[in-house]
Amino acid sequence: MAVLKLLSGMFLGSSYFSSLFFPFFENFATNPFQSPYVISWHEGDAAAFPYPAFMLYFMVAPRLLMAPFGAAMWPLPLKFLLYHIPLFVADLTMLAVFIRWFHGRSRRVILLLWCSPVLFYISYIHGQLDVVPISLLSVSLYLLFRERLTGSAIVLGLGLAAKTHLVMTLPFFLLYIWRHRERTQALLSYVGLVVLTFVLVNMPFLFDHAFRHMVFENLEQKKIGQVAFRLARNSPEFYAIPAAYILLVFYALRIKIQNRDIFIMFLGFAFGVMLLFINPMPGWYYWVVPFLVYFFSRASLVQCLLFVALQFSYLLYFGLSPTSDYREVFQSVLPQFAQGPNLYTLFASAGFNAPMLSDGAFTLMQTLLIANCLWIYWRGIKALQYNKFSSHSFLIGIAGDSGSGKSTLTENLLELFTPSHMTALCGDDMHKWQRGHAKWKEYTHLNPKGNELHQELHYLAALRQNMTIFRRHYDHTTGEFTEAIAITPKPLMVMEGLHTFLLKPTRTMLDLKIFMSPDEMLQLHWKIQRDMLKRGYSKEQIIASVEARRTDAERYVKVQAHAADIVFTFFPIEPIGDRLGDLDYNPAVGLRIMLSNRFYLDPLLDGISALYQQNVKHYYECENWQIIEFMDFLPFEAIEQIGEKYVSDIQDFGIYAPAWKGGWEGVQQIIVAYIIFHDGTRFPEF
Ligand SMILES: Nc1ncnc2c1ncn2[C@@H]1O[C@H](COP(=O)(O)OP(=O)(O)OP(=O)(O)O)[C@@H](O)[C@H]1O
Ligand SMILES: O=C(CO)[C@H](O)[C@H](O)COP(=O)(O)O
């Protein structure tokens, strides 16, 4: 395919390429210190090159590099080849981005994107340059989704400096950044960098009247104002395309661009609007096809037929249109054939109704474009609506005794789901009194009487209704409460504490309940280490406090295990003995996971067993439970591989580089994430 593309680029090309772009590039290549925009302008060729400077530099780079090797005298096909190398590089770059996005679906991406007949025709037969800005757009998006905002802004600025149409994407970028960062400063720096890059790249030409006229006031842009109508005879014109575009931006504002799919769907729509309303140039379809590929890469083969039909109708229409260049593109290899009448003229002279054929093909193409857009709408928005996180936060409760590993698990979940998708609340914030208060002699921290559990219930109910709450925090380093801080609901909320499922209504409200129940000695060992290092207690104080709270731990904390959906039990592989509390002793541990038998985990467990034979034991116990035991530690690479394969929904959720951990912490992340995204949580308790 690569060879075919380059060969085609060498020998074929419409007059756009050969009569407009090619002489323009040659002007610049032979005289790089004189503005080719000014030359074309003086020669009356105002439409020669409607693109800003980055497109010029990028397209002419190989030709300039080859200048010392006599490229000026090379035969035409070789020069054409030089000018197609940048298109080829852009094409390959976009393919690389898509392959990164769709791990495990590279064959489909290669088929739909790299082998797309429409994209092939546009770049290597017709000779339009749209692959360059679209490829830069895909790189900018790639960097954005990896949270590399600076790189993304610079590449978007370069994209704008390749084709100004890209400015249409900017509002969607900003909405996405706002959704993820919620900082005006992030927006301002992003826009600033985009504009700065654009200005710097174009600086050598910005003061030319010729450049400004050719780039900012060209015929293509004027087409945007062509679709207009007057509501009354003397009323002003109503421009349909800007109106449709503004409505689209408002729609994006309303539904909030929260993940990659929705973002890309809006870009597809924004360009789709242009194509639908204006009689499109062949190259314009480059603005929508890659976004369709994005969605069809994950569709069934039957659904892909819709996309195939669109491409077929495109080739049909641009073959039957009165301006078809299907013969003209052969001008440098078969000049006589190229000058012959095109299909439209042939049909007309053979007595067929050529205008009707052409209009019919146009109608088919545009209808299929609408159908394709509706399909990606369904894929992007409807999937979001069905998604369990769209209407209210998904609440995860984590309960367990002091030092049982609640905060550690919460931290690992927070790293995986990121603070833009998850917020954690700590139950200790609901203690009634600060450290040292006389009441703590009457009640232990494990006694519900020492905690505002009903207030916590109100907080949870408010968050569930998407309301912001104001809540103080208990600072363990000072033993004091902080000022109340605002907590806004996120799609995932973790509530961790000693009594998270003690009240019945709280239990009912939680979507997933996790109980931490490590081996007693291990828990004591962990608690001693943590409280000595982080909370300033001595080993003796800690042991005395655990003893004093033992009855309350049994009565109020451990009883919650029966209400859990998942119970994690860590145990030491060897007895801890007299090394209890040694700060430098980290005992090797195993993990036993007890889960409600309503979760269907076989696909995940079979997958893990296939990867790591003999590692997983899975069995059912009593009437409510199933047990998973891992025989061996799973290294980071294994967790990452399992996560990629079995928790791929995390990408639809907007997390494209999940922070998996190795070992047991990774296993906990996998189990929790798998259950969140899979059907287990869809079934209520019967
Ligand atoms: N999976 C684990 N592997 C190794 N160490 C762990 C693990 N989980 C917890 N620990 C150790 O136990 C200590 C206590 O854990 P953590 O702070 O998460 O408990 P907690 O239940 O939140 O306690 P508290 O309710 O008192 O705040 C941690 O400092 C950590 O060193
Ligand atoms: O049980 C506890 C945490 O779950 C703590 O003992 C309780 O929060 C009091 O903390 P501190 O000793 O730092 O004042």
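In each ligand, atom 1 is the first atom listed, and ligand 1 is the first ligand listed.
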Exercise. Heavy-atom contacts under 4.0 Å between R549 and ligand 2: side chain, backbone, both, or neither?
Worked result: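 Side chain only.
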For this session: Using a 4.0 Å heavy-atom threshold (strictly under), name the region of D531 that reaches ligand 2: side chain, backbone, both or neither.
Result: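 No part of D531 comes within reach of ligand 2.
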Report the nearest protein non-hydrogen atom to [atom]: residue, atom name, distance rounded to 0.1 Å.
| atom | value |
| --- | --- |
| atom 1 (N) of ligand 1 | F570 CZ, 3.3 Å |
| atom 29 (O) of ligand 1 | R530 CG, 3.0 Å |
| atom 22 (O) of ligand 1 | S407 OG, 2.4 Å |
| atom 25 (O) of ligand 1 | K406 NZ, 2.8 Å |
| atom 8 (N) of ligand 1 | W526 CZ3, 3.5 Å |
| atom 9 (C) of ligand 1 | T408 OG1, 3.3 Å |

Problem set entry | Member of F145, F266, Y190 meeting the ring-ring contact (aromatic ring centres under 6.0 Å, His included) criterion with Y176 |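 Output: one option passes, namely F145.
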Exercise. Of F571, F636, F633, which meets ring-ring contact (aromatic ring centres under 6.0 Å, His included) against W664?
Worked result: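 By the ring-ring contact (aromatic ring centres under 6.0 Å, His included) criterion, W664 pairs with just one of F571, F636, F633: F633.
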Exercise. Does the side chain of D401 come under 3.5 Å of the side chain of Q523 through a donor N or O and an acceptor N or O?
Worked result: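 Yes - a donor-acceptor pair under 3.5 Å links their side chains.
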Do [X] and ligand 2 have an N or O pair less than 3.5 Å apart?
| X | result |
| --- | --- |
| H445 | no |
| D428 | yes |
| K406 | no |

Polar atom proximity, [X] to ligand 1 (N or O, under 3.5 Å):
| X | answer |
| --- | --- |
| Q668 | no |
| G405 | yes |
| Q529 | no |
| K527 | no |
| E665 | no |
| R535 | yes |

Exercise. Under a 4.5 Å cut-off applied to non-hydrogen side-chain atoms, are F501 and T506 in contact?
Worked result: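 Not in contact.
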For this session: Decide yes or no for I566 and I593: does some side-chain heavy atom of the first lie under 4.5 Å from some side-chain heavy atom of the second?
Result: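 The answer is yes, as the side chains (C-beta and beyond) meet within the 4.5 Å cut-off.
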Exercise. Should one rank R530, K534, H431 by closest heavy-atom distance to atom 7 (C) of ligand 2, which comes out on top?
Worked result: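 Among R530, K534, H431, the closest heavy atom to atom 7 (C) of ligand 2 comes from H431.
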For this session: Give a yes/no verdict on whether any heavy atom in H445 is under 4.0 Å from an atom of ligand 1.
Result: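 Outside the 4.0 Å threshold, so no.
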Exercise. Does G403 have a heavy atom less than 4.0 Å from any atom of ligand 1?
Worked result: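 Within the 4.0 Å threshold, so yes.
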Exercise. Within a distance of under 4.0 Å, is there any protein heavy atom near atom 31 (O) of ligand 1?
Worked result: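 Not a single protein heavy atom is under 4.0 Å away.
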Exercise. According to the interplanar angle, ranging from 0 to 90°, do the rings of Y443 and W433 count as parallel (below 30°), tilted (30 to 60°) or perpendicular (above 60°)?
Worked result: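 It falls in the parallel class, under 30°.
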Exercise. How long is the gap from NE2 on H473 to CD1 on I487, to the nearest 0.5 Å?
Worked result: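 Reported value, rounded in 0.5 Å steps: 9.5 Å.
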Problem set entry | Ion pair check, R471 and E483, cut-off under 4.0 Å |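 No, R471 and E483 are not salt-bridged.
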